[in-house]
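Have a look at the structure below, then the notes.
The model shown is predicted, which means the values in this text are computed figures rather than measured ones. The chains referred to below are lettered A, B, ... by the order of the sequence lines, with proteins before strands, and numbering in each begins at 1.
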Amino acid sequence: MAERYAPCEIEAKWQRLWAEERVAEVDTAVPGNEFYMLNMYPYPSGSRLHVGHGRNYILGDALYRRERMAGRRALNPMGWDAFGLPAENAAIQSGVPPREYTLGNIARMKEQLIALGCLYDWSKELALCDPAYYRWNQWLFLRMWERGLAYRKTAPVNWCPGCRTVLANEQVVDGRCERSGDAVAIRDLTQWFFRVTDYAERLLEGLDRLPQWSERVKTMQRNWIGRSEGAEILFSVEGLAEPVTVFTTRPDTLYGATFLALAPEHAIVALLAKGSGRAEAIGDFVNRVRHESRLEREAEGGEKEGLATGAFAVNPATAEKIPIWLANFVLPEYGTGAIMGVPAHDQRDFEFARKYGLPIRPVFRTAKGEIDPGAMTQALPHDGFLCHSGSWDGTPNGPQAVRVAIQWLEQRGVGRGKVGYRLRDWLISRQRYWGTPIPAIHCPSCGVVPVPDADLPVLLPEDVEFRGVEGNPLEKSEAFVNARCPRCGGAARRETDTMDTFVDSSWYYLRFLNPHDAARMVDPERVRRWMPVGQYIGGIEHAILHLLYARFICRVLKDLGLVHLEEPFERLFNQGMITRLNAATGKIEKMSKSRGNTVSPDELIARYGADTVRLYTLFIGPPEKESEWSEDGVAGAYRFLNRVHDLCFRVGERGGDARPGDAPRDTPLSRLMHRSVERVSDDARRFHFHTAIAALMEFQRGIADALEEGSESPATVREATKALLQLLHPIAPHLTEEWWRRFGEKGFLVESSWPAYDPDLATPLGVTLVVQVNGKVRGKLEVARG
RNA sequence: GCCGGAGUGGCGAAAUUGGUAGACGCACGGGACUUAAAAUCCCGAGGGCCACAAGGCCCGUGCCGGUUCGAGUCCGGCCUCCGGCACCA
């Protein structure tokens with residue numbers, strides 16, 4: 001009579017034993033070559049605390065176990081990225097203070113992770129909302145400020161007049177506040193930035209040294225940085241002392257520039273309006289464009305809107321007066337916020353010129369000759385040879401033409417070659433309570449003054465109220481806001497902006513090495529031993545922002561002499577998201593708390609056990625792909641574990657006590673074993689646990705059949721069964737530990753060595769030869785290898 | 001709109017390098033065991049056509065086209081869905 005598989009008892013027992021005997025403890029002082037950790041950052045949901053899908057954690061844990069079994073050093077710490085909007089919104093909605101809400105979520109999720117059998121080294125646990133952690137955000141900020149890498153400038157924000165607060169883009173729906181429904185206004189605020197653009201070139205170059213990152217992510221990052229070579233050209237403006245600077249990638253088309261277009265936000269607009277006699281029309285236009293929400297303005301390839309300022313600039317090449325326009329499609333953040341309009345050769349400029357009756361002048365002559373501008377229906381390609389371009393005439397299109405133009409500009413002092421980037425500086429200010437306070441003090445006489453290191457951390461006050469209608473609660477805390485100027489000692493006002501949570505998550509991986517070090521941010525010696533992170537796992541939604549910021553901060557730390565490396569993550573794996581139908585929107589969306597479509601693992605664990613949940617989660621499909629959550633296959637996963645349990649029981653009953661080496665080497669079952677070890681090892685290496693599981697299912701069936709038929713020696717069956725347990729262990733750790741011990745092994749299975757295989761025995765004896773005629777299968781032959 | 005990715009049976013999927021499309025599961029159908037049911041085990045199955053049968057033929061990896069002896073895989077053009085977003089001059 002077979003024994004029943006009782007997952008709850010087995011799992012509770014092993015979770016207790018692992019904790020008591022401290023399996024996961026790894027001394028960071030010991031050099032190692034692998035370092036596993038988990039990305040805890042499902043932006044933009046903002047919540048770093050829920051167990052939404054669990055696959056991230058199970059994937060990470062399975063890899064960690066595989067590495068341990070392979071005898072390689074691995075560290076599996078857990079960090080909680082616990083600042084963010086959801087905690088603050090929860091406070092507003094329910095009255096629970098953000099800290100309480102956050103710590104409660106951490107405690108609950110920790111329980112869930114332990115219940116899933118994840119082996120974290122809890123001695124290295126971090127919470128990023130802990131002052132012991134965020135004080136180092138502040139310390140880093142001060143070092144960056146000293147070096148000019150942190151600075152202030154104005155930037156527009158979404159302002160909700162009803163809530164008297166700044167809204168995240170996510171909170172603006174159709175130009176209205178998602179909570180109050182008020183129309184959202186654009187306001188200019190002076191805010192803090194990190195000068196990530198100074199690192200654009202280094203961030204771009206570094207991608208070439210990351211062979212173990214997917215091309216997919218590297219391409220996205222390259223496009224995001226958006227390097228483009230071109231030139232800045234100075235256009236003098238009638239009646240003004242200062243010229244307008246324009247960035248263009250095609251300085252060679254300068255002779256075809258028939259107008260200038262400025263972003264309505266451009267600093268010079270106010271000056272132009274003053275002398276123009278149409279200040280009112282200009283003011284209206286600027287206002288209108290600025291109140292188009294950013295999304296509207298940037299979306300839908302929208303309608304080109306423009307207004308002539310009445311002012312004129314001089315084209316430095318032709319010496320002609322050309323009109324200065326304002327245009328909604330020129331963005332203040334890119335380049336210089338001003339462009340030269342070359343309608344003959346740029347589609348957007350062409351549409352704009354047609355709409356407003358501006359001249360179109362081709363400056364390239366193609367094989368077909370010149371084209372009548374009036375007959376054009378779209379912009380011409382840059383093709384052929386320059387014409388109508390003075391001394392540049394006859395230069396062929398391409399880098400040469402650009403060089404000729406730049407040389408000409410530089411000789412006359414009206415422009416220069418320039419590399420432009422699409423990347424913009426990182427706005428880190430948030431007008432919110434639940435984040436790292438920015439360590440600055442506004443003094444009426446000394447200006448903006450840094451908080452001295454000795455006064456860190458600047459603590460978030462706890463005695464604040466959340467009602468969601470008075471703006472940032474920090475501003476209401478007298479005890480927080482009222483400060484002494486560190487320089488003159490006079491009464492001053494503390495900065496109330498807090499930091500973007502991406503600052504926290506940009507360096508936490510380093511902190512796992514010295515989580516309780518009160519004296520310094522990072523420990524360079526341990527960094528030298530452990531870094532870079534051997535394997536980083538995170539959702540594909542972080543392909544750009546988080547990973548770029550983390551690479552940026554790592555470079556800053558290197559420049560500060562704190563770390564020796566520029567690239568923190570040697571190998572990157574981006575798992576796809578688990579999606580699920582959102583009942584509220586009727587759409588299939590990524591599972592996230594802010595979208596309210598998460599699934600808790602508790603119920604499934606209670607019904608089938610953690611091993612089944614892990615097995616099923618990994619069996620869904622390839623982890624790099626997104627997949628839609630469904631529980632249809634859970635029962636099948638459970639059945640498989642039952643079969644394994646049953647097999648082990650029967651082998652234990654009849655298997656004898658064969659010793660290693662007793663088993664004959666070359667039998668069908670031993671060949672299957674070697675083949676299975678090979679398949680599972682290869683699949684696990686490339687994160688394809690789902691096909692590894694398929695191989696394990698075939699392996700289990702093979703052993704069971706051999707046992708049933710009595711075709712193999714007890715020693716071979718027992719050896720194969722133990723190999724099955726080892727291969728299955730990263731996926732279903734509890735059941736496999738249980739049988740490993742029952743088969744008389746001492747110590748933990750997770751500490752055993754990963755089975756090796758003999759390539760000769762892993763190769764099938766026979767091969768199928770397929771006969772194809774014209775690509776169609778016409779026959780098959782079974783033949784012996786060789 | 002821009003950048004990146006995906007689309008294969010009723011469903012999740014496999015095919016790592018251009019060479020047997022659908023492994024392994026779910027759901028389903030049939031059978032064994034049982035007084036019965038559950039559980040378990042065994043068998044079946046992409047679609048269509050021909051055949052009493054063994055078996056044979058055709059079609060089939062989102063759509064249209066191309067390269068190749070041969071395409072799920074490579075190339076060009078579309079459609080739909082997902083992620084990111086800042087009209088990139």
Side-chain angles (χ1 to χ4, degrees), chain A residues 2 4 43-44 169 214-224 226-228 230 246-250 253 261 263 294-304 327-342 345-349 420-424 427 539-546 574 576-577 579 587-590 615-616 619-622 624-637 639-640 642-643 646 679 682-683 685-686 688 690-701 704 708 768-780:
Chain A
R4 258 191 90 74
Y43 183 88
N169 284 337
S214 66
E215 283 306 318
R216 175 183 181 185
V217 170
K218 286 189 281 189
T219 301
M220 282 196 255
Q221 291 225 346
R222 284 190 189 104
N223 291 341
W224 186 258
R227 183 182 199 275
S228 59
V246 152
F247 177 73
T248 175
T249 55
R250 299 299 308 220
T253 61
R294 302 192 69 71
L295 286 173
E296 261 172 62
R297 188 167 158 193
E298 289 149 10
E300 297 308 316
E303 180 68 16
K304 311 276 175 284
N328 65 342
F329 66 85
V330 179
L331 297 178
E333 304 93 348
Y334 187 75
T336 58
I339 64 165
M340 65 179 196
V342 186
H345 298 288
D346 181 284
Q347 184 60 26
R348 208 172 32 194
D349 296 351
Y421 297 93
R422 181 182 169 280
L423 182 70
R424 298 194 322 228
L427 194 167
I540 187 65
E541 70 271 29
H542 295 303
I544 295 174
L545 292 178
H546 162 62
N574 291 115
M577 273 158 291
T579 59
K587 290 180 68 174
I588 293 167
E589 296 173 341
K590 71 175 175 183
L615 178 78
Y616 171 66
F619 194 49
I620 290 177
E624 71 274 14
K625 232 188 96 178
E626 68 180 55
S627 32
E628 196 182 340
W629 181 255
S630 124
E631 289 169 21
D632 287 348
V634 182
R639 277 199 284 271
F640 171 62
N642 265 290
R643 285 196 294 270
D646 197 51
R679 282 175 72 186
D682 287 354
D683 286 344
R685 188 170 302 123
R686 62 188 179 115
H688 280 204
H690 63 306
T691 50
I693 291 166
L696 289 169
M697 287 172 165
E698 291 177 42
F699 188 24
Q700 181 274 330
R701 183 139 300 164
E708 200 58 38
T768 307
L769 278 186
V770 176
V771 181
Q772 288 186 18
V773 178
N774 290 332
K776 290 187 189 297
V777 180
R778 293 298 179 214
K780 299 177 190 178

Residues in side-chain contact (heavy atoms from CB on, under 4.5 Å) contact with R227(A), at least two apart in sequence or another chain: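 By the side-chain contact (heavy atoms from CB on, under 4.5 Å) rule, R227(A) matches E201(A), L204(A), E229(A), V419(A), Y421(A).
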Along RNA chain B (nearest heavy atom to each residue), the more 5'-positioned of R250(A) and M220(A):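 Result of the comparison: M220(A).
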Which residue lies more 5' along RNA chain B, comparing R639(A) with V217(A) via nearest heavy atoms: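 Between the two, 5'-proximity favours V217(A).
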Paired and unpaired positions of RNA chain B as dot-bracket, Watson-Crick or G-U wobble under 3.5 Å, | denoting a partner strand: (((((((..(((......[....))).(((((.......))))).(((((....)))))..(((((..]....))))))))))))....
Identified side chain to side chain contact (heavy atoms under 4.5 Å, CB included) counterpart of M340(A) within the set T253(A), D349(A), D346(A):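 With M340(A) as partner, T253(A), D349(A), D346(A) yield a single side chain to side chain contact (heavy atoms under 4.5 Å, CB included), made by T253(A).
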Q221(A) (side chain) donor-acceptor with A543(A) (main chain) under 3.5 angstrom: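 It does hold such a pair.
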Touch class at under 4.0 angstrom, heavy-atom based, for R422(A) against every strand present: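 Base contact.
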Short heteroatom pairs, N/O only, protein and nucleotides 11-17 of chain B, under 3.5 Å:
{"from": "rG12(B)", "atom 1": "O2'", "to": "I620(A)", "atom 2": "O", "distance (Å)": "2.5"}
{"from": "rA14(B)", "atom 1": "OP1", "to": "H690(A)", "atom 2": "NE2", "distance (Å)": "2.6"}
{"from": "rA15(B)", "atom 1": "OP1", "to": "R686(A)", "atom 2": "NH2", "distance (Å)": "3.1"}

[X]: partners by salt bridge (Lys or Arg N to Asp or Glu O under 4.0 Å), with sequence neighbours left out:
X	answer
R643(A)	none
R250(A)	D252(A)
R679(A)	E698(A)

For rG9(B), glycosidic torsion class - syn if within 90° of 0, otherwise anti: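 Chi for rG9(B) falls in the syn range.
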rU73(B) and rG18(B), which share atom name P, separated by this distance in whole Å: 11 Å
Distance, P atom - from rA6(B) to rG76(B), rounded to whole angstrom: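 Each nucleotide's P atom is 15 Å from the other's.
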Distance below 4.0 Å between R643(A) side-chain N/O and rC41(B) OP1 or OP2: yes
